[in-house]
Structures are given as structure tokens and as C-alpha cells.
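The basis for the numbers below is simple: all heavy atoms, side chains too, and nothing from hydrogens, waters or symmetry mates. In the text below, chain A, chain B and the rest are named by the order of the sequence lines, each starting its count at 1.
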There are 2 protein chains.
Amino acid sequence: MSQTVDRALSILPLLAEGPADLGQVADRLGVHKSTALRLLRTLHDHGMVYRQSDQRYRLGARLIALAQEAMENLDIREIAHPHLVRLNEQCGHTVHLAVYEEDEVLYIDKVESRYPVRMYSRIGKPVAITVAAVAKLLLADLPEHERRALAEKLDYPMYTARSTPHPDAFLRELAKVREQGWATDLGGHEESINCVAAPITGADGRVAAAMSVSAPNVVVTADELLTLLPLVRRTADAISGEYSGRNPTKDAE
Amino acid sequence: MSQTVDRALSILPLLAEGPADLGQVADRLGVHKSTALRLLRTLHDHGMVYRQSDQRYRLGARLIALAQEAMENLDIREIAHPHLVRLNEQCGHTVHLAVYEEDEVLYIDKVESRYPVRMYSRIGKPVAITVAAVAKLLLADLPEHERRALAEKLDYPMYTARSTPHPDAFLRELAKVREQGWATDLGGHEESINCVAAPITGADGRVAAAMSVSAPNVVVTADELLTLLPLVRRTADAISGEYSGRNPTKDAE
DNA sequence: AATGAGCGTTGCAGTGAATGCAACACTCCT
DNA sequence: AGGAGTGTTGCATTCACTGCAACGCTCATT
């Protein structure tokens with residue numbers, strides 16, 4: 001809506017790919033160098049971009065700090081964290097918490113596996129939306145038309161042979177997930193990694209977040225992992241209860 | 001420099017404090033509601049802010065994702081991480097990695113203590129700049145005038161009785177740190193937590209990052225923690241060597 | 001039901017802020 | 001020295017942003 005701001009903000013994802021100099025930024029924005037310079041200067045004043053010693057620009061520290069605050073303000077995270085830790089203590093595997101927002105699913109918390117073999121993922125990283133178990137739960141709860149529209153719009157990268165190949169398959173999977181109230185990803189993202197996930201619901205019954213337990217084949221088989229499902233669901237329900245205010249929040253934890 | 005962008009970016013820290021509605025944003029920016037609306041819309045289109053169900057705005061998922069990418073692009077982090085993990089395995093305490101950028105010091109990596117008592121800190125969070133051991137190292141390396149200017153500009157919150165009280169004390173501490181090549185924080189941020197830190201230098205000899213080991217009194221005394229100093233310095237030097245390209249980067253780790 | 005307050009939203013006219021240009025400063029090659 | 005490639009600045013033009021005022025909507029209140 002606002003041309004100037006639009007252009008300025010377009011610079012950020014561009015720099016996220018890697019540092020760029022003034023000319024490159026101007027080119028990719030399709031504006032004159034001087035225009036790009038002034039936009040970058042404004043971003044710089046706000047700490048959103050940083051000028052490194054070779055004069056090129058990259059994303060700045062303030063951006064990271066802001067994102068940090070943004071995450072801390074997500075109160076579901078606060079509530080869920082101790083539960084995730086407890087679950088991790090019980091099963092030993094990696095535990096994730098994710099939320100959906102505007103066509104993206106994001107990990108917002110993680111408790112690392114206690115086993116030496118860990119999976120790669122990072123808090124703040126967008127999830128592989130077409131295959132991740134948590135993504136399925138979050139998308140399955142969208143209103144019908146929104147879900148369809150999103151499914152059509154997405155890319156369906158074939159991470160592995162078991163990745164969701166196309167919108168139809170995805171929508172069928174979502175229907176199933178919606179039906180059963182939990183989800184899995186059995187090697188759909190990385191060949192040797194399986195996940196089981198359960199939804200966390202708010203006071204209105206909508207799915208507010210999703211959590212999962214992930215483990216590589218070398219540690220437990222998919223079948224063994226599935227035996228954890230009741231535990232995962234109980235944990236998710238406990239978080240739901242607290243989040244929706246059914247259980248009074250306990251100060252001492 | 002650019003009014004519109006300036007205003008738009010000013011909205012972000014404002015929302016970082018917590019969700020706000022249109023009127024509040026407009027007031028705090030000192031602009032008309034319609035102006036604020038259009039700025040927010042643009043931010044929204046870029047996923048930088050999110051409109052929650054009660055219509056209020058908060059920071060959005062894209063911001064978090066961008067910050068994530070920004071951190072992954074910091075190659076010093078990539079290089080340092082395995083060293084930090086190894087150090088953690090050796091001593092068991094919390095290990096931090098921090099960088100300085102435009103008047104701020106930011107934690108960019110962290111390996112959690114293996115002891116049950118952990119300290120609070122988060123990747124991406126700005127460091128308590130006047131007391132943290134890593135901050136001292138990073139600031140001690142600034143050019144004289146810049147260091148003075150910054151020292152004058154900072155706030156000096158008295159987190160504890162041992163916090164740095166004022167610019168003079170801070171500058172003296174920085175001089176000492178610069179001299180000895182390592183730094184400590186003995187209860188200056190939290191009464192019961194001590195840190196030892198060492199600098200990581202780049203090819204040009206400047207301090208590019210700093211790392212620290214932190215532990216609460218209940219686990220080890222300050223004196224015991226200080227015995228780890230040689231180990232911390234060796235680790236920092238190893239990272240420095242790799243970062244500055246003196247040691248060829250080993251693919252197999 | 002009707003009233004009104006408190007929001008967010010939209011069209012519009014005026015104007016000031018952003019734009020692109022061209023000239024300049026600077027560094028790094030050859 | 002010359003020249004190519006940067007980033008930077010001043011300036012005139014104009015177009016995009018602004019503030020206003022009117023509208024629509026939801027919620028309380030009577």
C-alpha cells in the first residue's frame with residue numbers, strides 16, 4: 001500500500017539471502033541507486049541492516065532482538081515450555097512447538113533430544129509445511145476454503161519419496177488428520193526421521209499451536225515412536241487446558 | 001532519512017512491547033489514524049506484523065523467520081558452534097557466543113548447561129552491556145573515541161551491588177580487560193552467577209566475537225570457575241584461528 | 001429498538017516528501 | 001595518469017503520502 005515502505009521492506013528478505021552492495025539492492029528493487037541508498041540508510045538508522053566492513057549490507061542486530069521479543073510475547077510458548085521439557089525428560093527425544101500464521105508454520109520452541117543423534121531444526125525457522133506433522137495439524141484446522149486456497153498455492157517439494165506430492169494428496173491427508181486429531185510425518189521430510197504430533201487448542205476450540213516428538217530411525221523405529229502418541233496427546237491436552245484457562249495457571253512450577 | 005519508512009519501522013519496537021490497536025499506534029507515532037493504518041497494512045503485507053483475532057497488531061512471523069536467516073548467515077556462528085559444544089562437554093556449564101553491532105551486544109549462540117540449574121538467557125537477546133563479560137571484551141576493542149562516546153551514552157542499571165555503576169568505572173574496567181585479554185562478570189548481572197569470557201579475533205586482529213562460560217555459585221565458586229580460564233581461552237583461540245583462516249576449515253568434524 | 005460511542009476504513013484534494021538525474025568524490029586497477 | 005567501478009550529494013519534478021471528513025460497523029446503554 002505504501003510504496004516507500006514496501007520497497008524498504010522488500011530489501012530485508014533480499015539481504016536475508018546474503019550480504020549485498022548498494023548496486024545489487026538498487027537493481028533488484030528496480031530503483032535508482034540514490035533511492036536505494038536512502039532506504040538503506042533509514043533501515044540502518046533503525047538497526048535493521050548493518051553495514052559490514054566491506055561496505056556491503058546485511059541484516060542487523062535490531063532485527064534479531066525484535067524477533068526475540070516477538071517470540072517472548074507469544075504467551076503460548078511460555079505456558080507450553082515446562083510441559084515440553086517434561087515430555088522430553090520422559091521420552092528423551094526432540095520436542096517441537098509450532099504455530100501457524102499467514103501461510104507459514106514456524107517452530108517457536110524446541111527441546112533438544114538427549115540422544116547424540118539430533119535432527120536439524122531451529123527455533124524461528126519456517127517448517128516444511130507440506131510434510132511436517134505439526135503443519136498438518138495447524139492447516140487441518142483452517143476453514144475449508146482457506147485450506148483449499150492455501151493447498152493450491154503451496155509448493156510440494158519432494159524431500160523424499162514419501163513427501164506429499166500435490167494439493168490433492170495434501171488435502172486428503174489434512175482431512176484424515178482433522179478426523180483423528182493427531183498427525184505423523186514418517187520420513188516425509190528427511191528419510192530417516194519420524195514425528196508424531198498433537199494439537200494444542202485454545203478456549204474457542206480452534207487449534208492454536210501444535211507440538212511434536214521427533215526421532216531418527218536409528219534411535220527408535222516409527223512403530224516405537226507411535227507408542228508415544230498417548231503421552232504426546234496428554235501433554236498437548238495439558239497445555240491446551242492451561243492455555244485456554246480451564247486450569248488456573250499455577251505460579252509455582 | 002525517509003519519513004515514511006522511518007515511521008513504519010518505529011512501529012516495530014512499539015509492538016515489541018506488546019500488542020497494540022490502531023489508535024494506540026497512531027498516537028504513539030503522532031500521526032493520523034489513517035496514516036498509521038496504511039503503514040500497518042504495508043507491514044502486514046510483508047508479514048512483519050500480524051493482526052490477531054481481537055484486531056490488535058503484534059509482531060509477525062516473517063520477522064522471526066528473517067532474524068533466523070540473519071543469524072544463520074553469520075558465519076562466525078557456524079564456525080564457533082562445534083567448539084562451543086566441545087567446551088560444554090568438557091566443563092558442563094552454559095557457553096555463550098556474542099557479537100557487537102552498533103551499540104548493542106547480542107547473544108548469537110548458546111549451549112545449555114548440563115547442570116539442572118540454568119541461567120536465563122536467550123539467543124538473540126541483547127546482553128546487559130555494562131556488566132556482561134562478553135560485552136566488556138567486545139567494547140574494549142572499540143577505537144578509543146567510540147568507546148568513550150558509547151560509555152557516556154549507556155545506562156548503568158544496578159542489577160546487583162557489583163554492577164558497573166558509571167562510565168568511569170566502566171572505562172577503567174574496559175582498559176583492564178583490554179590489557180589482560182579476558183574478562184569476567186562476578187555477580188554483576190545476577191547476584192549468584194559468574195562468567196569468564198575470552199575474545200575471538202578475526203584476520204585483522206580485531207575482536208570479532210566473544211565467548212563465555214557461565215555458572216551459578218551453587219554449582220561452582222567464582223574461584224573454581226576461574227580455573228577454567230585457560231580452557232576458555234584455548235577454545236576462543238581455536239575459533240579465532242579457524243575464523244581468520246589460519247587453520248584451513250576442516251570439512252569432517 | 002433506538003441511540004450513540006468507539007473503533008476501523010475509504011475517497012479525496014493539497015502538498016511535501018520521495019524520486020531520478022547528473023555531477024561529484026573516492027578507491028582500486030591497469 | 002587514466003579509467004572503471006563504487007558510493008554520495010544537490011536539486012527540480014512529480015507523485016505518493018498525508019490529514020481530513022464522512023462512512024460503516026460492532027458493542028453498550030437506555
Under 3.5 Å, which protein N or O atoms sit close to an N or O of nucleotides 25-28 of chain C? Give each pair with its distance.
none

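- The shortest non-hydrogen separation linking B:Ala128 to B:Ala135 is O-CB, 4.4 Å.
- Of all heavy-atom pairs spanning A:Tyr107 and A:Val134, the tightest one is CE2-CG2, 4.3 Å.
- One can place CG of A:Leu39 at 16 Å from P of C:dA17, the figure rounded to the nearest angstrom.
- When every heavy atom of A:Glu101 is checked against every heavy atom of B:Ala61, the shortest pair comes out as OE2-N, 2.8 Å.
- Counting non-hydrogen atoms of neighbouring residues, nucleotides and ligands closer than 6.0 angstrom, the CD atom of A:Glu78 reaches no more than 12 such neighbours.
- Between B:Asp21 and B:Gln24 the shortest side-chain heavy-atom distance falls below 4.5 Å.
- One axis for each end of the helix from C:dA1-D:dT30 to C:dT30-D:dA1, each built from five base pairs, and the angle between them comes to 30° at 10° resolution.
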Nucleotide N/O to protein N/O under 3.5 Å, stretch nucleotides 24-29 of chain D:
none

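- Note: CZ (A:Arg56) to P (D:dT6) measures 13 Å, nearest angstrom.
- The shortest distance between side-chain heavy atoms of B:His46 and A:Ser10 falls below 4.5 Å.
- The closest side-chain heavy-atom distance from A:Lys125 to A:Lys110 is not below 4.5 Å.
- Using a 4.5 Å heavy-atom cutoff, the side chains of A:His44 and A:Val49 are in contact.
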List, one per line, each side-chain donor-acceptor pair under 3.5 Å for residues 136-145 of chain B, sequence neighbours excluded.
{"from": "B:Lys136", "atom 1": "NZ", "to": "B:Glu173", "atom 2": "OE2", "distance (Å)": "3.1"}
{"from": "B:Lys136", "atom 1": "NZ", "to": "B:Thr184", "atom 2": "O", "distance (Å)": "2.7"}
{"from": "B:Asp141", "atom 1": "OD2", "to": "B:Arg206", "atom 2": "NE", "distance (Å)": "2.8"}
{"from": "B:Asp141", "atom 1": "OD2", "to": "B:Val207", "atom 2": "N", "distance (Å)": "2.9"}

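- At a threshold of 4.5 Å between non-hydrogen side-chain atoms, the residues B:Thr35 and B:Arg7 count as touching.
- Atom P of nucleotide D:dG19 and atom CG of B:Leu29 are separated by 10 Å, given to the nearest angstrom.
- Side-chain contact between A:Met1 and B:Leu37 is absent, with no heavy atoms from C-beta onward closer than 4.5 Å.
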Using nucleotides 8-15 of chain C, report all nitrogen or oxygen pairs with the protein that are shorter than 3.5 Å.
{"from": "C:dG8", "atom 1": "OP1", "to": "B:Leu22", "atom 2": "N", "distance (Å)": "3.1"}
{"from": "C:dG8", "atom 1": "OP2", "to": "B:Gly23", "atom 2": "N", "distance (Å)": "3.3"}
{"from": "C:dG8", "atom 1": "N7", "to": "B:Lys33", "atom 2": "NZ", "distance (Å)": "3.2"}
{"from": "C:dT9", "atom 1": "OP1", "to": "B:Arg51", "atom 2": "NH1", "distance (Å)": "3.0"}
{"from": "C:dT9", "atom 1": "OP2", "to": "B:Arg51", "atom 2": "NH1", "distance (Å)": "3.4"}
{"from": "C:dT10", "atom 1": "OP2", "to": "B:Arg41", "atom 2": "NH1", "distance (Å)": "3.4"}
{"from": "C:dT10", "atom 1": "OP2", "to": "B:Arg41", "atom 2": "NH2", "distance (Å)": "2.8"}

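- Among all heavy-atom pairs drawn from A:Val232 and A:Ala197, the shortest one is CG1-C, 4.4 Å.
- The two residues B:Pro13 and A:Leu66 come nearest to each other via the heavy atoms CA-CD2, 3.7 Å.
- Rounded to an integer number of Å, the gap from A:Asp27 CG to C:dG20 C1' is 15 Å.
- Between A:Ile129 and A:Asp103, every side-chain heavy-atom pair lies at or beyond the 4.5 Å cut-off.
- More than 12 heavy-atom neighbours from other residues, nucleotides or ligands sit within 6.0 angstrom of CD on A:Gln180.
- Between B:Val5 and A:Arg38, every side-chain heavy-atom pair lies at or beyond the 4.5 Å cut-off.
- Listed by residue number, there are no residues of residues 7-17 of chain B with a heavy-atom contact under 4.0 Å to DNA chain C.
- An OP1 or OP2 oxygen of D:dC17 is reached within less than 4.0 angstrom by a side-chain nitrogen or oxygen of A:Ser2.
- The phosphate of D:dA16 has neither OP1 nor OP2 within less than 4.0 Å of any side-chain N or O from A:Thr4.
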